[in-house]
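Below, chain A is the first sequence line, B the second, and so on; all start at residue 1. Owing to the predicted nature of the structure, the values given are computational and were not obtained by experimental measurement.
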Amino acid sequence: MRLQAPKGTYDVLPLDQPRWHHLFDTTRRVLGRAGYQELTTPILEHAEVFEKAVGDAADLVVQKEMYTFEDRGGRHLTLRPELTAGVLRAFIERGMHTWPSPVKLWSAGPAFRAENVQRGRYRQFHQVNLEIVGSDSALADAEAIALMGDLLAALGLRRTVLKVGSVGDPDDRARYNAYLTQALAPHAEALSPTSRERLRLNPMRVLDSKDAGDQELVATLERPLDFLGEGARAHFGAVTGHLDDWGVAYEIDPAIVRGLDYYRRTAFEVHHQGIGAQSALGGGGRYDGLVRQLGGPDVPGIGWAMGVERLFDALEAEGVTATDRDRPLAFLVAMDEAAVSELAALARALRAEFRIEHAYVRRNPTKGLRDADRSGAIYAVLRGERERDAGVVMVKHLERGDQVEIPLEALADHLRAAARDEPQPSTSLHDAGVRTADRG
RNA sequence: GUGGAUGUAGCUCAGUAGGUUAGAGCACCGGAUUGUGGUUCCGGGGGUCGAGGGUUCAAAUCCCUUCAUCCACCCCA
């Protein structure tokens, strides 16, 4: 197999398209109703956009996992590894701080990370992204979180777990990191090698360790939530208060952790059991200061992103069937040479109103009906010498098997009436491996 | 970057004490059925056995290397 998609990439085949459309349509509907506007930014950005965004962690993560290259003009470009940085670059470049505040945006599209693949992790993957820029109100945090839950519910997911916490203000984090370093230092030998490394580079990530021994040790420690300062504590209380008021189901995670340090105060994640080790469907948090860090005005912001592939995985795990495949109302079959061009022209006219397909060559009834059947059409419309002499077409209902001759000029009216009577034509995605619907 | 499992037809898979032209089901094409589909029956096309090298009279099968896929670690924007 020499010709194949690059590692970690894949094709979205025709039968996969409906669920993609369903996802994006649902996103547009749910977020649009809340006043969010869609923003599409380039997949390619100057590397410095992402390097500035991740800051000190750049050495670790950015260099290793970003697709960065020099173009022919000597520009250093990067395939975006996430959507937020590009959205904020557009916010700054387009002067969106002059727009009615806060600016509420959503985006969706591909992103790229040069990671090793596993379940729920691809090199080209897709995200749905939301940002609220220009508000430091706890209402913004609560709305962002609630909308994430609304979208998950609208997609049909029920077994999601929403975790909300706070990473505090920078001072709080510094105090907690100091505490952690001090508290764990005596036990350094007992920690797993990776946790020892984390203790050195990003102590809070020790809390995330999958090592059982580490977790025993971690359980004895104070948690980030215990170190919140007055401001962060009040903000967190306000956020959870709104969520409670609105009846949003969530758990407080007192040890929620972020890998990058531009996050402050609110942090949240949605997980799903049943999609493998990479159980996070998405997450987000508040990033006051990031816009300024990128070279823009000092405006606060909060946002989240969800992984499209993981959403699909979760939907499959819950047995939620995506929307249906489109099927033609009629498939036209020409049974002699003269009918080929007649029906091609007829198909073009009918397509102003209906979904119509036809064979490109003359077919006998056996082949023609087989073609019609495989197309998934409700009706087969046949025309040959006999029909031409009588000025009619033969219209056959492919499921019932009955057929009737209709004057050629009356076909549109007949199909219009038939379309009203038919239940919405559809084929379940469960038939994905089969070209023709099961007619029992 | 690390580890485990797996790579045979478009798909799902048989086939290893090494032995003629590598098989099945499904799918596809044709015929039975030159004016009536789905079912059935008959036939056909389709394979660098992931790739490269080695051992051997002989390799899908044994050895080495490599690539890919899946899962996990790591990382997580």
### Query
Just checking A:Ala372: base, sugar-phosphate only, or nothing, at a heavy-atom cut-off of under 4.0 Å?
nothing
### Message
Side chain of A:Met335, heavy atoms from C-beta onward: which of B:G35, B:G37, B:A77 has the nearest atom to it?
### Response
B:G35
#### Entry: Pair partner, B:G1 [Watson-Crick or wobble, under 3.5 Å]
B:C73
### Query
Under 3.5 Å, is there an N or O donor on one side and an acceptor on the other linking the side chain of A:Asn364 and the base of B:U36?
no
### Query
Looking at B:C70, B:G1, B:U36, which one has an atom nearest to any side-chain atom of A:Val117?
B:C70
## Note on the structure
Under a 3.5 Å limit on both distances, the Watson-Crick or wobble mate of B:A60 is none
### Message
When you measure from the side chain of A:Lys396 to the backbone of A:Leu369, do you find a donor-acceptor pair of N or O atoms at a distance under 3.5 Å?
### Response
no
### Query
Partner of B:U40 by Watson-Crick or G-U wobble geometry, both contacts under 3.5 Å, or none?
B:A32
### Task
Could you let me know what B:A68 is paired to, Watson-Crick or G-U wobble, both distances under 3.5 Å, or none if it's on its own?
B:U6
### Task
Ignoring backbone atoms, test whether A:Arg370 places a side-chain nitrogen or oxygen under 4.0 Å from the OP1 or OP2 oxygen of B:G30.
yes
### Query
Starting at the 5' end of RNA chain B and moving along, which residue's nearest nucleotide shows up first, A:Gln403 or A:Gly120?
A:Gln403
### Query
Under 4.0 angstrom, heavy atoms only, what part of the nucleic acid is A:Arg205 near: base, sugar-phosphate, or nothing?
base
### Message
Using only modelled atom types and a 3.5 angstrom limit, is any donor from either the side chain of A:Arg121 or the base of B:C75 paired with an acceptor on the other?
### Response
yes
### Query
Which whole number of Å gives the distance between the P atom of B:G50 and that of B:G43?
30 Å
### Task
Check whether more than 12 heavy atoms from other residues, nucleotides or ligands sit under 6.0 Å from atom CZ of A:Arg28, and answer yes or no.
yes
### Query
Between A:Asp211 and A:Ser192, is a side-chain hydrogen bond (donor to acceptor under 3.5 Å, both in side chains) present by the stated rule, with each step listed?
CA-CA 7 Å; A:Asp211 183 89; A:Ser192 67; 4.7 Å; no
### Task
Among B:C28, B:C74, B:G35, find the nucleotide with the atom closest to the side chain of A:Arg374.
B:C28
#### Entry: Same-atom distance (P) from B:A22 to B:U40, integer angstrom
30 Å
### Query
Phosphate oxygens OP1/OP2 of B:G31: is one of them under 4.0 Å from a side-chain N or O of A:Lys367?
yes
### Query
Could you state the NE2-P distance from A:His397 to B:G38, rounded to the nearest angstrom?
18 Å
### Message
Which nucleotide wins on minimum distance to the side chain of A:Gln278, given the candidates B:C76, B:G35, B:C29?
### Response
B:C76
### Query
How many angstroms lie between CD1 in A:Ile145 and CG in A:Leu130, if you round to the nearest 0.5 Å?
11.0 Å
### Query
Taking atom types as they are modelled, is there a donor-acceptor pair under 3.5 Å from the base of B:U36 to the side chain of A:Lys396?
yes
### Task
Among B:G35, B:C70, B:G38, find the nucleotide with the atom closest to the side chain of A:Pro365.
B:G35
### Query
Does the side chain of A:Gln118 get closer than 4.0 angstrom to OP1 or OP2 of B:C70 through an N or O atom?
no
### Query
Under 4.0 angstrom, heavy atoms only, what part of the nucleic acid is A:Gly368 near: base, sugar-phosphate, or nothing?
nothing
### Query
Taking for each residue the nucleotide of RNA chain B with the nearest heavy atom, is it A:Gly8 or A:Thr194 whose nucleotide lies nearer the 5' end?
A:Gly8
### Message
Under the criterion side-chain hydrogen bond (donor to acceptor under 3.5 Å, both in side chains), I'd like the reasoning laid out for A:Tyr67 against A:Gln124: C-alpha separation, chi angles, the key distance, then a yes or no.
### Response
CA-CA 11 Å; A:Tyr67 284 101; A:Gln124 176 178 341; over 6 Å; no
### Task
Tell me, with the steps shown, if A:Leu311 and A:Leu152 meet side-chain contact (heavy atoms from CB on, under 4.5 Å).
CA-CA 8 Å; A:Leu311 290 171; A:Leu152 291 165; 3.5 Å; yes
### Message
Can you tell me if A:Lys64 touches the phosphate of B:G1, counting only side-chain N or O atoms and a distance under 4.0 Å to OP1 or OP2?
### Response
no
### Task
Mind checking A:Asp371 for me? I need base, sugar-phosphate or nothing, with any heavy atom below 4.0 Å counting as a touch.
nothing
